[in-house]
Asker: 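The structure's right below; bear with me while I get my questions together.
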Amino acid sequence: MFKLIETDGRARRGIFETAHGTVQTPVFMNVGTKAAIKGGLDAFDLKAVGCQVELSNTYHLHLRPGEDIVASLGGLHGFMNWDGPVLTDSGGFQVFSLATLRKITEEGVSFSSHIDGRKIFMGPEESIRIQSSLGSDIAMAFDECVQNPSPYEYVKLSCERTYRWLVRCRDELSRIKAAGRCVNPGQMLWGINQGGVSEELRADNMKAIAALDLPGYAIGGLAVGESTEEMYRIIDVVEPLMPPDRPRYLMGVGTPGNIIEGVARGIDFFDCVLPARNARHGHLYTREGRINLNNQKYAADPLPIDPVCGCPVCRTHSRAYVRHLLRAEEVLGLRLCVMHNLWFYNNLMAEIRTAIEENRFCRFREEYSEKFDKRL
RNA sequence: GUGGGUGUAGCUCAGCUGGUUAGAGUACCAGGUUGUGGCCCUGGGGGUCAUCGGUUCGAAACCGAUCACCCACC
């Protein structure tokens, strides 16, 4: 399903087949948590900004509108009229970041909904059943994402339990497929590596989950409190232990600089709320670095957000106009800013892919990393 | 016209019986935000305390006059 077509150092240029089309990697997945891109973008807009894979969230869609409704409308693809690949996050992260009163046991997690406070239980089987109803092409394992730093003993306990949960996820998906009641018969399960910032736990866990021979692997539990240098150190430990013929997904990362560094370390898939969230706050990406469009100096600026950008927004609107929309709290301002930032990220990935194909990724990395992230 | 009330940051208001450099919220200016609660956090600039005079060692505060606005009654 995953085919490497070119490498440049550790950077990989690949093609990944899903039940809803082919993905050119490295790729950035566009985040539509509740089956919608925040800021008012729909499936047509996703095409316009160059999105290849849409990412939705199990926890949020389980709470509202509920997976049965989504399934009855043809899964996420039919529900939101997106015919491309979809990945669903398992809800593990949200159970720990949003829900209150949670209690973790070997079975799973009991918690209160952040919407109405009602008691909910979610374990590996529940998460997979929900994701099956959502009909995503890639279902993620139900895991616990511990904050960094956390005590070694707890991280060890947690990531061993997450491994057992992964086995249960795999078995549940097999049962559902065997029963023949799938919204998406081509749905696959990816495993997630955990282990905090411990190289030993990370390596042991990666070896264990690699042995399960899953169609894809993610590195989770990063960008959750540790320094950027620690994050790169952990990737450097885990990546050599990941099966080379399977896609690698660095969850929740990151800045353009983080992504370039991730690609340089052999990562193929990324997702992050940052471009959309920053867009909503008027922080926009340009070829020369990030600008804050709320700044007064742009109040009468006739230039587009990024003068060298080819996105639909930059071809049409001035900084002054988009800034005004943001200040006036017009929803159009959010929409235009999100479109620009997502286009920027998707375009960055296209440039990365071309650079790898042309064997000049190293130069590309040197040239742009510093502009995108001063911490590099 | 008579009686009462209110004037403090762009806006809404705190500021006790007089006591260091007059505060808050909001707005404004600028940072932050990594498997998304359009949220939140952090810093900054900004005031002849309506005006004029008086009492006092010391007044945004007490007294008087003036001006503006509000309410009630004529």
Side-chain angles (χ1 to χ4, degrees), chain A residues 28-41 53-61 63-64 87-100 113-116 127 131 136 138-148 162 190-194 217-228 230-232 235 249-259 261-262 267 269-283 285 290-299 323 325-335 337-338 341-342 345 372-375:
Chain A
F28 177 79
M29 299 185 283
N30 297 41
V31 181
T33 301
K34 305 174 199 171
I37 307 295
K38 281 186 188 287
L41 277 64
V53 184
E54 194 273 341
L55 188 156
S56 287
N57 187 272
T58 302
Y59 170 91
H60 286 282
L61 293 171
L63 295 187
R64 194 163 48 194
L87 180 146
T88 42
D89 194 5
S90 66
F93 184 84
Q94 283 64 36
V95 166
F96 296 98
S97 66
L98 289 180
T100 53
S113 157
H114 74 280
I115 295 173
D116 58 11
S127 175
Q131 294 187 72
S136 57
I138 303 166
M140 295 306 299
F142 185 75
D143 64 340
E144 177 180 1
C145 178
V146 297
Q147 286 292 310
N148 290 325
T162 289
W190 286 13
I192 305 175
N193 169 254
Q194 291 286 351
Y217 288 96
I219 304 177
L222 291 181
V224 286
E226 82 289 353
S227 70
T228 305
E230 275 186 299
M231 176 171 84
Y232 295 152
I235 298 170
Y249 166 25
L250 181 57
M251 303 184 81
V253 173
T255 66
N258 293 157
I259 288 173
E261 291 306 302
I267 304 296
F269 283 69
F270 300 85
D271 83 282
C272 192
V273 304
L274 212 48
R277 180 180 289 162
N278 276 334
R280 276 180 268 129
H281 300 161
H283 295 185
Y285 293 97
R290 211 181 72 184
I291 67 170
N292 183 351
L293 198 60
N294 288 305
N295 290 0
Q296 174 140 50
K297 61 183 171 184
Y298 302 116
R323 178 179 189 274
L325 295 175
L326 288 176
R327 310 293 294 184
E329 296 183 36
E330 287 291 342
V331 292
L332 179 58
L334 299 176
R335 180 178 142 79
C337 288
V338 170
N341 273 1
L342 290 183
Y345 262 63
F372 292 147
D373 190 343
K374 293 181 185 111
R375 286 173 300 180

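Numbers restart at 1 for each chain; the letters A, B, ... are given by sequence-line order, proteins then strands.
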Asker: Rounding to a whole Å, what distance do you find between A:Glu261:CD and B:U34:C1'?
Answerer: 15 Å

Asker: Classify A:Ile115 by what it touches in the nucleic acid, base, sugar-phosphate, or nothing, heavy-atom distance under 4.0 Å.
Answerer: nothing

Asker: If I pick the P atom on B:U12 and the same atom on B:U8, what distance separates them, to the nearest angstrom?
Answerer: 8 Å

Asker: Just compare B:U33, B:C28, B:G35 and give me whichever is closest to any side-chain atom of A:Asn278.
Answerer: B:U33

Asker: Mind checking the P distance from B:U42 to B:A27? Whole angstroms is fine.
Answerer: 15 Å

Asker: Hey, which of these two, A:Gly39 or A:Val224, hits RNA chain B nearer its 5' end, going by closest nucleotide?
Answerer: A:Val224

Asker: Quick check: closest heavy atoms across A:Val53 and A:Leu87, and the distance to 0.1 Å?
Answerer: CG1-N, 4.1 Å

Asker: Which nucleotide in the set B:C29, B:U33, B:G35 lies at the smallest distance from any side-chain heavy atom of A:Leu274?
Answerer: B:U33

Asker: Does a side-chain N or O from A:Arg290 land closer than 4.0 Å to OP1 or OP2 of B:G32, or not?
Answerer: yes

Asker: Starting from P on B:A30, measure out to CG on A:Leu326 and report it in whole angstrom.
Answerer: 13 Å

Asker: Does the ring of A:His281 meet both stacking tests against the six-membered base ring of B:C39: centre distance under 5.5 Å and plane angle under 30°?
Answerer: yes

Asker: Indicate, with a heavy-atom threshold strictly under 4.0 Å, whether A:Ala276 touches base, sugar-phosphate, or nothing.
Answerer: base

Asker: What is the nucleic acid contact for A:Asp271, judged by heavy atoms within less than 4.0 Å: base, sugar-phosphate only, or nothing?
Answerer: sugar-phosphate

Asker: Would you kindly give the OH-to-P distance between A:Tyr249 and B:G35, to the nearest whole Å?
Answerer: 9 Å

Asker: Ignoring the backbone of A:Gln296, work out which of B:U34, B:A30, B:G35 is nearest its side chain.
Answerer: B:A30

Asker: Can you check the distance between B:G7 and B:C29, where both ends of the measurement are the C1' atom (answer in whole Å)?
Answerer: 29 Å

Asker: Expressed in whole Å, how much space separates the C1' atoms belonging to B:C62 and B:U56?
Answerer: 10 Å

Asker: Measure from the side-chain N and O atoms of A:Asn294 to the backbone N and O of A:His281, and report whether any donor-acceptor pair falls under 3.5 Å.
Answerer: yes

Asker: Would you kindly give the OH-to-C1' distance between A:Tyr217 and B:G35, to the nearest whole Å?
Answerer: 19 Å

Asker: How close do A:Val31 and A:Ile37 get, heavy atom to heavy atom, and via which atoms?
Answerer: O-CD1, 3.4 Å

Asker: When you measure from the side chain of A:Arg277, which nucleotide among B:G35, B:C28, B:U33 comes out closest?
Answerer: B:U33

Asker: Would you tell me if any nitrogen or oxygen in the side chain of A:Asn294 comes within less than 4.0 Å of OP1 or OP2 on B:A30?
Answerer: no

Asker: For A:Arg335 and B:G38, is the shortest distance between a side-chain N/O and OP1 or OP2 below 4.0 Å?
Answerer: no

Asker: Please give, in whole Å, the distance from B:G37 P to A:Phe93 CZ?
Answerer: 8 Å

Asker: For A:Glu226, which contact category applies under a 4.0 Å heavy-atom criterion: base, sugar-phosphate, or nothing?
Answerer: nothing

Asker: Just to be sure I understand the rule, does A:Gly92 reach a base, reach only the sugar-phosphate, or reach nothing, if contact means heavy atoms closer than 4.0 Å?
Answerer: nothing

Asker: Let's go through A:Thr162 and A:Gln194 carefully: what are the C-alpha distance in whole Å and the side-chain angles of both, what is the deciding distance for side chain to side chain donor-acceptor pair (under 3.5 Å) to 0.1 Å, and is it a yes or a no?
Answerer: CA-CA 8 Å; A:Thr162 289; A:Gln194 291 286 351; over 6 Å; no

Asker: Respond yes when some side-chain nitrogen or oxygen of A:Asn295 is under 4.0 Å from OP1 or OP2 of B:G31, and no when none is.
Answerer: yes

Asker: By nearest heavy atom, map A:Ser90 and A:Glu329 onto RNA chain B; which one lands nearer the 5' end?
Answerer: A:Ser90

Asker: Which of the following nucleotides, B:G35, B:U33, B:G37, is nearest to the side chain of A:His60?
Answerer: B:G37

Asker: Taking the side chain from A:Asp89 and the backbone from A:Met140, do they hold a donor-acceptor pair closer than 3.5 Å?
Answerer: no

Asker: Choosing from B:U34, B:G35, B:U33, which nucleotide comes nearest the side chain of A:Ala223?
Answerer: B:U34

Asker: Which nucleotide, if any, forms a Watson-Crick or G-U wobble pair with B:G25, using both distances under 3.5 Å?
Answerer: B:C11

Asker: Mind running side chain to side chain contact (heavy atoms under 4.5 Å, CB included) on A:Glu230 and A:Asn148 for me, showing each step along the way?
Answerer: CA-CA 10 Å; A:Glu230 275 186 299; A:Asn148 290 325; over 6 Å; no

Asker: Could you tell me how far B:G31 sits from B:G45 if I compare only their C1' atoms? Round to whole Å.
Answerer: 15 Å

Asker: Write down the partner of B:G46 under the Watson-Crick or G-U wobble criteria, each distance required to be under 3.5 Å.
Answerer: none

Asker: Ignoring hydrogens and angles, does a donor from either the side chain of A:Glu144 or the base of B:G35 sit under 3.5 Å from an acceptor on the other?
Answerer: no

Asker: What integer number of Å spans the C1' atoms of B:G43 and B:A50?
Answerer: 33 Å

Asker: Let's test this: given Watson-Crick or G-U wobble pairing with both distances under 3.5 Å, identify the partner of B:C40.
Answerer: B:G32

Asker: Expressed as a whole number of angstroms, how long is the span from A:His283:NE2 to B:C40:C1'?
Answerer: 13 Å

Asker: Measuring from the side chain of A:Val331 (C-beta onward, heavy atoms only), which nucleotide among B:G35, B:G38, B:G37 has the closest atom?
Answerer: B:G38

Asker: If we ignore hydrogens and angles and just use 3.5 Å, is the side chain of A:Thr58 paired with the main-chain N or O of A:Gln131 as donor and acceptor?
Answerer: no

Asker: Counting distance alone, no hydrogens or angles: does the base of B:G31 have a donor or acceptor under 3.5 Å from a partner atom on the side chain of A:Asn292?
Answerer: no

Asker: For a quick check under 3.5 Å, do A:Asn292 and A:Tyr298 share a side-chain donor-acceptor pair by atom type?
Answerer: no

Asker: Distance between the P atoms of B:G23 and B:U48, in whole angstroms?
Answerer: 15 Å

Asker: For B:G3, give its Watson-Crick or G-U wobble partner with both distances under 3.5 Å, or none.
Answerer: B:C71

Asker: Considering only atom C1', compute the distance from B:U51 to B:C67 and round it to an integer number of Å.
Answerer: 7 Å

Asker: Please give the nucleotide sitting opposite B:C57 as a Watson-Crick or G-U wobble pair, both distances under 3.5 Å, or none.
Answerer: B:G19

